There are 2 protein chains.
Amino acid sequence: MDAAPLQVIPYDRPTLSALLRRHGIAPTHQRLEIARVLFARCQHLSAEQILHQANERHAETSKATVYNTLNLFRDRGLVREVIVDPKRVFYDPNTGPHHHLYNVDTGEITDIPADGLRLSGLPELPAGMVTEGVDVIVRVRSAGVSGLG
Amino acid sequence: MDAAPLQVIPYDRPTLSALLRRHGIAPTHQRLEIARVLFARCQHLSAEQILHQANERHAETSKATVYNTLNLFRDRGLVREVIVDPKRVFYDPNTGPHHHLYNVDTGEITDIPADGLRLSGLPELPAGMVTEGVDVIVRVRSAGVSGLG
DNA sequence: ACAGTGAATTAGAATGATTCTTAATGGACG
DNA sequence: CGTCCATTAAGAATCATTCTAATTCACTGT
């Protein structure tokens, strides 16, 4: 059901507009700005970071709108939530199948491409259950840094 | 008032005491109570649930102590945090290698044994990085329930 | 028993991410 | 222009978690 993987596409205003429309989202000024922040570089950004970057040029997007918009984008499958840090949610513009490397020291998140990673032996699901997705999170830390005494 | 638990309790007071000591934790009254809640049934409980269950018989453990103790248990490797829900952290008394099935509708968490599940093709880590752990989270929902419109 | 000591506990305030409420704004269209 | 509905927004509310600062506890040596 997913559209083609979205990589290395120059996201100008009209392209973003079409992208939103394709997902059933009316392309308002604020939404385009948030989409631009998300898709410009394919990073993993928190709501706060998105708010900040969206308002770098002109402050024109409120915190409430950032949260509303991110939830809307998530519901429409435009972005994916990354749950690795209990403190905050990150948003990932890459909705294709892939996984994540999480540096618990720095908070840095890196993509792990899904091809090449094989996962087998998953148990059968209970009746009436449908898989929504499988997240693999590799937690790493800088060598030599230890949380133990 | 029927305190008689319905399941086999492998952990009586002296056993829990020894367990804490083995992990370098002084076995205080509150810590033993929290450990009992965690290990009695091997569930995945939030801090709030643990607070509630610890005070069911006799209120003697504060919210602050529950959080302090869970962080201590986590640091000493007695329990593991399960990060699947952005709203709250769950604590898992099973520290052995295993993974999780997360029902996004009900919030229910189920263990997936690690044996039988094979994961291969993980990319090399960047230099100076050490793997802390690999979490596999299978997100499921009840069939027929759709979050999309 | 009893004071001394450091660790453990605690009530409540503070923090911070996210959501909610409610009012203002804006654009499309007759 | 004015209506209508969606969108935006300011700030309050919520809620999990952490922090602060004081109190209590468990032990020790006497």
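Because the structure is a prediction, the values reported are computed rather than measured. Letters go in sequence order (proteins before strands), and every chain restarts at 1.
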>> Quick test of your reading: applying salt bridge (charged side-chain N to carboxylate O under 4.0 Å, His left out), list the pairs with at least one residue in residues 13-25 of chain B, sequence neighbours left out, ordered by first then second residue.
In response: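 Passing the test, one end in residues 13-25 of chain B: B:R13-B:E33.
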> Among pairs that include at least one residue of residues 49-71 of chain A, which meet salt bridge (charged side-chain N to carboxylate O under 4.0 Å, His left out), considering only residues two or more places apart or in two chains?
Replying inline: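 Every pair satisfying salt bridge (charged side-chain N to carboxylate O under 4.0 Å, His left out) with a residue in residues 49-71 of chain A: there are none.
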>> Judged by each residue's nearest nucleotide on DNA chain D, which is more toward the 5′ side, A:T61 or A:P86?
In response: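 By nearest-heavy-atom nucleotide position, the 5'-most residue is A:T61.
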> Is the shortest side-chain N/O distance from B:R31 to OP1 or OP2 of C:dA8 below 4.0 Å?
Replying inline: yes
>> For D:dA9 and A:T65 - does any side-chain N or O of the residue sit under 4.0 Å from the phosphate oxygens OP1/OP2?
In response: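 Yes.
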>> Please determine whether side-chain contact (heavy atoms from CB on, under 4.5 Å) holds for the pair B:E132 and A:V104, giving the CA-CA distance in whole Å, both sets of side-chain angles, and the decisive distance to 0.1 Å.
In response: CA-CA 9 Å; B:E132 182 125 313; A:V104 299; 4.1 Å; yes
Expressed in angstrom and rounded to an integer, what is the separation of [X] atom [atom1] from [N] atom [atom2]?
X: A:L45; N: C:dT18; atom1: CG; atom2: P; answer: 13 Å
X: A:Q30; N: C:dT25; atom1: CD; atom2: C1'; answer: 10 Å
X: A:H52; N: C:dA17; atom1: NE2; atom2: P; answer: 13 Å
X: B:L72; N: C:dA7; atom1: CG; atom2: P; answer: 13 Å
X: A:D85; N: C:dG16; atom1: CG; atom2: P; answer: 14 Å

>> Please enumerate all residues that pass side-chain hydrogen bond (donor to acceptor under 3.5 Å, both in side chains) together with B:T28, with sequence neighbours excluded.
In response: none
>> Restricting to side-chain hydrogen bond (donor to acceptor under 3.5 Å, both in side chains), what partner residues turn up for A:E48, sequence neighbours left out?
In response: none
>> Using only atom types and a distance under 3.5 Å, with no angle test, would you say the side chain of B:R76 pairs donor to acceptor with the backbone of B:G24?
In response: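 Looks like yes, one N/O pair under 3.5 Å.
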>> Show every ring-ring contact (aromatic ring centres under 6.0 Å, His included) that has at least one partner inside residues 82-101 of chain A, sequence neighbours left out.
In response: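 For residues 82-101 of chain A: A:H44-A:H100, A:H98-A:H100.
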>> Let me spell it out: for each of B:E60 and A:E48, pick the nucleotide of DNA chain C with the closest heavy atom. Which residue's pick is nearer the 5' end?
In response: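 Upstream on the strand: B:E60.
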Quick test: give all pairs of protein nitrogen or oxygen and nucleotides 18-27 of chain D nitrogen or oxygen below 3.5 Å, distance rounded to 0.1 Å.
{"unit_1": "D:dT18", "atom_1": "OP2", "unit_2": "B:N71", "atom_2": "ND2", "d": "3.3"}

> For B:V134, which fellow cluster members are found when Ile, Leu, Val, Met, Phe, Trp and Tyr are connected by side-chain heavy-atom distances below 4.5 angstrom, either directly or through intermediates?
Replying inline: A:L101, A:I112, A:L117, A:L119, A:L122, A:L125, A:M129, A:V134, A:V136, A:V138, A:V140, B:L101, B:I112, B:L117, B:L119, B:L122, B:L125, B:M129, B:V136, B:V138, B:V140
>> Given C:dT9, C:dA17, D:dA10, identify the nucleotide with an atom nearest to the side chain of A:S62.
In response: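 Among C:dT9, C:dA17, D:dA10, the one nearest the side chain of A:S62 is D:dA10.
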>> Applying side-chain contact (heavy atoms from CB on, under 4.5 Å), can you list everything that pairs with B:K87, at least two apart in sequence or on another chain?
In response: B:D85
Below 3.5 Å is the cut-off: list the nitrogen or oxygen pairs between protein and nucleotides 27-30 of chain C, distance only.
none

